[in-house]
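Keep in mind the model is a prediction, meaning the values are calculated, not measured. Chain A is the first sequence line, chain B the second, and so forth, proteins listed ahead of strands; every chain is numbered from 1.
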Amino acid sequence: MTQITATTKEAYKLIHKGALAFGRAERQGFRIDVEYCQKKKEHLSRKIAHLQKKLEETKLIKTWKESIKGQINTDSNHQLAHVLYNVMKITPPKTTKSGKGATDEDALTQINLPGIQLILQIRKLRKMRDTYLDAFLREQTGGYIHPFFNLHTVRTYRSSSDRPNFQNIPKRDKEAMQICRRALFPRPGHQLLAVDFSGIEVMIAACYHKDPTMLSYLEDPHSDMHGDMAHQIFVLDEYDAEIEKAGGLKKIPEFKVLRNATKNGFVFPQFYGDYYGNNAVSLACEWGKLSKGKWKKGQGLPMPDGHLSDHLIKNGIKSFDQFTEHMKKIEEDFWDRRFAVYGQWRKDWVKEYQKKGFFDMHTGFRCKGVMSRNEVCNYPIQGAAFHCLLWSFIEVDRIMQEEQWDSRLIGQIHDEMLLDVHPDELEHVTRTIQKVTCQDLSKAWPWIITPLEITNSLSPVDCSWGNMEDIDL
DNA sequence: GGAACTCGCCAC
DNA sequence: AAACGTGGCGAGTTCC
């Protein structure tokens with residue numbers, strides 16, 4: 001097991017002060033609409049029962065009943081895998097870690113039998129009801145939940161949260177987000193304010209490797225790393241005039257999708273230690289909507305003048321295998337040329353760890369024990385990035401008490417802090433946090449050589465966490 | 001009857 | 001040579 005220790009007095013203090021600041025947020029709690037949770041739970045239960053009834057009428061369930069002794073359970077993935085892969089003899093689209101046929105969303109979508117969609121819909125609704133609304137009701141007392149924030153559980157010296165977990169409430173799926181976050185409110189007459197660091201892990205990584213190309217990307221607000229990578233991966237040279245005219249890749253909807261795919265299917269996975277093989281599947285199949293075989297014309301995502309397959313074929317990439325080869329070259333170029341200093345840092349950092357048996361974070365924590373290459377490269381970044389939030393949280397908490405704010409810190413999600421603010425204090429609170437996060441922190445920790453930026457989002461007075469809107473200050 | 005496991009899925 | 005980092009948690013299942 002990896003052991004982590006504070007090697008500096010400052011690191012030791014950070015944890016102690018952090019525990020106290022989190023304790024105050026825990027005691028404060030997050031106001032919850034109990035009646036809404038109960039009503040929504042019943043509503044979801046009715047919906048689930050309805051879908052269950054429809055599921056009962058499918059051929060899949062008929063086969064299921066014939067092949068299972070005793071009571072069938074449509075919530076059992078074990079039984080589902082048996083029916084699909086043993087009885088119906090379908091080839092599993094993918095396997096689980098332990099080598100059995102997978103029944104996750106990705107696998108089931110590829111099978112796409114009548115009834116499969118119903119199972120997936122039921123899963124989503126059950127997740128909302130059982131993992132979130134149920135937990136809120138179970139944990140609430142006096143109309144408030146008091147999520148815990150732990151500083152002693154995570155290998156990288158991040159935090160975790162439980163009872164209930166405040167750090168995994170739905171956000172990306174808009175329907176699930178609304179249903180779950182609609183349960184949580186500021187105190188009467190107050191607003192919710194969320195402040196998060198923009199790209200903090202990339203910023204902190206650069207404080208270790210100091211790659212000049214990366215530093216200029218981070219310092220120049222007009223540069224666009226993901227856009228440049230999308231341009232290279234999808235060979236967009238022929239559109240240069242068009243992109244120039246639009247004022248950037250992001251301004252053309254078709255290319256914005258490719259940029260997003262690049263960011264989430266190549267750049268970030270590469271930073272975490274992924275390789276071109278997985279990237280190729282993610283980019284071509286999941287994002288690009290292309291097949292794993294030879295490509296035909298008119299397939300995949302739309303382009304300004306046709307489809308993705310047309311464009312790639314024209315540029316000599318005619319199949320998934322050729323795209324994989326292409327991605328191999330992109331990866332080499334990424335680490336050996338574009339970010340050569342970053343690439344060398346990773347090699348040196350691992351070598352140094354192998355020699356010493358430990359490494360130190362910028363924030364004064366030492367990690368020792370047996371770790372993989374990816375762990376050795378990721379931990380110091382993930383840990384120190386969270387410590388930026390922790391330091392800021394402690395400082396905001398201190399000022400909040402000293403100035404006797406009515407506003408309160410109520411939680412934190414790794415790179416974001418959440419406050420329940422009085423409207424009259426909003427401007428002062430946001431200014432204070434801006435100063436703490438973007439100025440004071442960098443002064444306190446001179447190893448931070450990248451600009452730190454935050455974004456704010458706000459709910460209207462008396463509106464729920466499902467109503468956050470970005471604000472400029 | 002509870003501990004420990006697998007699987008799936010939510011967040012950063 | 002290998003191949004995505006960190007968590008919590010619910011349900012089902014298996015082990016003791």
Side-chain angles (χ1 to χ4, degrees), chain A residues 2 4 71-82 94-108 119-120 122-136 138-139 147-173 176-177 179-181 194 196-202 204-205 264-282 324 327-328 331 346 350 367 371-383 385-386 389 411-418:
Chain A
T2 317
I4 315 175
Q71 194 68 36
I72 71 158
N73 180 356
T74 52
D75 301 328
S76 164
N77 293 324
H78 191 82
Q79 289 184 15
L80 178 59
H82 174 69
K94 60 187 233 186
T95 57
T96 65
K97 210 177 160 190
S98 68
K100 285 175 257 182
T103 56
D104 62 6
E105 186 178 4
D106 185 33
L108 294 188
I119 290 176
L120 290 172
I122 290 169
R123 265 192 202 165
K124 274 206 193 328
L125 299 179
R126 283 171 58 95
K127 177 88 178 167
M128 289 183 240
R129 185 189 64 182
D130 299 341
T131 304
Y132 299 107
L133 298 180
D134 235 10
F136 294 165
R138 189 182 63 238
E139 300 295 341
F148 287 79
F149 297 100
N150 315 301
L151 284 166
H152 64 290
T153 59
V154 182
R155 288 158 66 91
T156 61
Y157 244 113
R158 255 197 186 179
S159 66
S160 70
S161 170
D162 58 14
R163 293 174 290 165
N165 183 351
F166 183 66
Q167 296 177 322
N168 72 346
I169 298 166
K171 186 173 188 179
R172 291 165 208 173
D173 179 323
M177 185 277 277
I179 288 172
C180 298
R181 298 196 175 204
D196 75 293
F197 281 108
S198 325
I200 187 77
E201 288 199 9
V202 179
I204 296 312
N264 297 307
F266 178 77
V267 178
F268 284 150
Q270 282 286 332
F271 287 162
Y272 283 134
D274 202 1
Y275 89 116
Y276 67 88
N278 290 336
N279 300 154
V281 177
S282 173
T324 305
M327 288 311 300
K328 186 177 182 197
E331 182 188 275
R346 299 213 301 188
V350 173
C367 298
M371 285 175 275
S372 71
R373 168 188 178 276
N374 285 344
E375 288 169 335
V376 169
C377 292
N378 288 329
Y379 287 11
I381 297 165
Q382 192 180 97
F386 167 67
L389 185 280
Q412 142 296 122
I413 313 173
H414 308 303
D415 66 352
E416 168 182 342
M417 56 180 108
L418 190 70

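- Rounded to an integer number of Å, the gap from CD1 of A/I72 to C1' of C/dG12 is 15 Å.
- Side-chain nitrogen and oxygen atoms of A/R123 include at least one within less than 4.0 Å of the OP1 or OP2 phosphate oxygen of B/dC9.
- Among the protein residues, A/R172 comes within range of the nucleic acid bases, having at least one heavy atom under 4.0 Å from a base atom.
- In this structure, A/S159 reaches neither bases nor backbone, as no heavy-atom distance under 4.0 Å exists between it and the strands shown.
- The side-chain tip of A/R158 does not point at the ring of A/F386 from less than 6.0 angstrom away and within 45° of straight on.
- Closest contact between the side chain of A/T96 and the listed nucleotides B/dG8, C/dA11, B/dC12 involves B/dG8.
- Contacts of A/R129 with the nucleic acid, taken as non-hydrogen atoms under 4.0 Å apart, are absent.
- Across all strands, A/S372 comes closer than 4.0 Å to no nucleic acid atom at all (heavy-atom distances).
- Regarding A/K100, its NZ atom lies at a distance of 14 Å from the P atom of B/dC5, rounded to whole Å.
- The residue A/G277 sits apart from the nucleic acid: no heavy atom pair falls under 4.0 Å.
- Across all strands shown, A/I169 has heavy atoms under 4.0 Å from sugar-phosphate atoms exclusively, and none from any base.
- For a distance-only test at 3.5 Å, the side chain of A/K127 fails to qualify as a donor-acceptor partner of the base of B/dC10.
- Atom P of nucleotide C/dG10 and atom CG of A/D130 are separated by 9 Å, given to the nearest angstrom.
- Contacts of A/P170 with the nucleic acid, taken as non-hydrogen atoms under 4.0 Å apart, involve only primed sugar atoms and P, OP1 or OP2.
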